[in-house]
Amino acid sequence: MQGQSQQQAYDRGITIFSPDGRLYQVEYAREAVKRGTASVGLRTPDGVVLAANRRVSSPLMERSSVEKIHKADDHVGVASAGHVADARQLVDLARRRAQGEQLRYGQQIGVETLTRSITDHIQEYTQTGGARPFGVALLVGGIEDGEPKLFETDPSGTDYEWQAAAIGGNRDVIQGYLEDNYHDELDVDGGIELAVSALSEPEDEVVAAEEVDVATITTDDETFSSVSVDRLESIIEEIDQEEMDE
Amino acid sequence: MSNWTQGTDPSPYEPELGSLPNGSQTGDEDTVNKTGTTTIGIATDEGVVIATDMRASLGGRFVSNKNVQKVEQIHPTAALTLVGSVGGAQSFIRTLRSEVDLYEARRGEGMNIEALATLAGNFARGGPFRAINPILGGVDDEGSHVYSIDPAGGVMEDDYTVTGSGMQLAYGLLEQEYTEDLSLEDAKSIAARAIKSAVERDTGSGNGVFLAEITDEGVEIQGHNAFDALL
């Protein structure tokens with residue numbers, strides 16, 4: 001009994017380490033990320049691709065209201081997995097930070113600098129009494145000094161840089177697919193194809209165009225843009241074709 | 001930390017460390033040290049030259065110091081001149097230096113000159129530094145830059161610029177002598193001659209010249225009590 005009540009104490013206080021040095025609330029927050037549908041990000045020499053599974057729980061729901069990919073600034077996009085409402089708070093922070101950089105220095109914020117300010121914020125919620133950590137992971141992608149960049153944030157406030165990464169449910173399966181199929185000579189269309197294939201990997205068939213949300217930020221215009229359903233349909237057709245050939 | 005958890009962003013118009021004192025620059029004209037001053041910045045393909053005179057005065061009527069260095073390094077490849085209130089300018093320089101160092105330490109790369117000029121303009125506008133009118137000169141990946149920063153926070157880039165009480169005298173010479181293809185050495189000589197013109201006739205300027213040479217290698221500053229060797 002004694003042991004159990006102690007165990008519970010470690011697990012309730014976010015600011016309390018367990019005797020073996022773990023922060024249970026942060027680990028639970030990572031579990032919350034796994035419960036979310038997956039998002040994928042990858043960089044190619046010509047730009048960054050962000051893709052998210054936007055599944056709806058009822059055919060009556062407007063699919064466009066499921067937002068998992070957000071524009072943070074002209075040159076930066078954010079994909080999320082986990083608690084959508086938590087993600088929105090972080091995206092808003094990122095937007096304010098990006099504009100703050102314009103006010104302070106008259107310049108676009110770097111993708112790494114922006115990611116750091118998000119993770120600094122997340123970290124504070126692992127150390128502040130009475131608060132709860134963010135139950136969301138983000139992929140922050142954009143162009144910095146003409147180069148595509150991709151970072152991940154996790155609920156502990158750590159950031160990682162990636163060539164290609166998956167977050168959310170079935171992450172391991174999708175990440176494995178990316179590891180097998182990613183190469184650094186992809187063009188942007190190839191990147192979109194790979195991202196959609198990767199999101200489809202845990203499923204029985206390739207996801208439908210309207211079930212995914214895809215955005216790119218290319219080095220050409222350094223501008224966030226959503227990929228239209230028409231373009232996605234033709235890319236998915238190609239994937240289907242390739243799978244039939246195999 | 002409390003800053004963040006309350007959801008407020010740091011002000012883009014204020015320094016990260018320290019704060020801007022309240023109120024405008026007040027004080028008796030006759031008791032505040034001012035650099036009446038002539039300061040010049042010239043951008044060339046090889047780098048930037050900054051030249052300043054060496055006089056501080058009280059109300060422009062009494063020479064309170066004859067050996068003032070009015071150009072200071074504020075960045076690995078940029079320097080700023082002190083024009084106006086000496087206290088305001090010195091505090092401005094300390095603030096910018098710490099901002100530049102913080103930026104570099106956090107991001108692993110230095111601030112470029114445009115960012116530095118924007119930041120300096122924000123601080124000049126928002127703060128107690130109002131009674132200043134410095135020149136910012138620096139070199140970055142884009143090349144050589146010279147900016148003038150006015151007391152209201154106006155930031156203007158130019159190929160060459162002059163601020164201070166002797167500005168008309170110095171501009172007179174620069175308008176005749178400046179060309180786009182100046183070498184760094186030629187620019188130094190022209191800047192020294194322009195300071196000499198001001199030193200001869202402007203009561204707020206005098207006592208010699210400091211020259212700063214800024215290239216992608218860094219900033220070198222030297223003082224000269226006499227002009228002869230420079231002209």
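Keep in mind that this is a model prediction, so the values were computed, not measured. Naming: A, B, ... by sequence-line order, numbering from 1 per chain.
- Crowding of A/Arg35 atom CZ: a count of heavy atoms from other residues, nucleotides or ligands under 6.0 Å not exceeding 12.
- Looking at B/Glu99, the atoms closer than 4.5 Å to chain A (heavy atoms on both sides) all sit in the side chain, from C-beta outward.
- Atom CD of A/Gln89 sits in a sparse spot, with 12 or fewer heavy atoms from other residues, nucleotides or ligands closer than 6.0 Å.
- Annotation for A/Gln102: atom CD counts as buried by contact number, over 12 foreign heavy atoms lying within 6.0 Å.
- In this structure, B/Glu180 places its CD atom where only 12 or fewer heavy-atom neighbours from other residues, nucleotides or ligands lie under 6.0 Å away.
- Across all their heavy atoms, B/Pro12 and A/Gly100 have their closest contact at CB-O, 3.8 Å.
- In this structure, A/Asp120 CG and B/Arg106 CZ are separated by 8.0 Å, a value rounded to the nearest 0.5 Å.
- Heavy-atom pairs under 4.5 Å with chain A were tallied for B/Ser11, B/Ala115, B/Gly108; the largest tally goes to B/Ala115.
- A salt bridge links B/Arg107 with A/Glu101: at least one charged nitrogen is closer than 4.0 Å to a carboxylate oxygen.
- Within residues 103-114 of chain A, the residues that have a heavy atom under 4.5 Å from a heavy atom of chain B are A/Leu103, A/Arg104, A/Tyr105, A/Gly106, A/Gln107, A/Thr113, listed by number.
- Of the atoms belonging to B/Glu109, it is side-chain heavy atoms, and not backbone ones, that fall under 4.5 Å from chain A.
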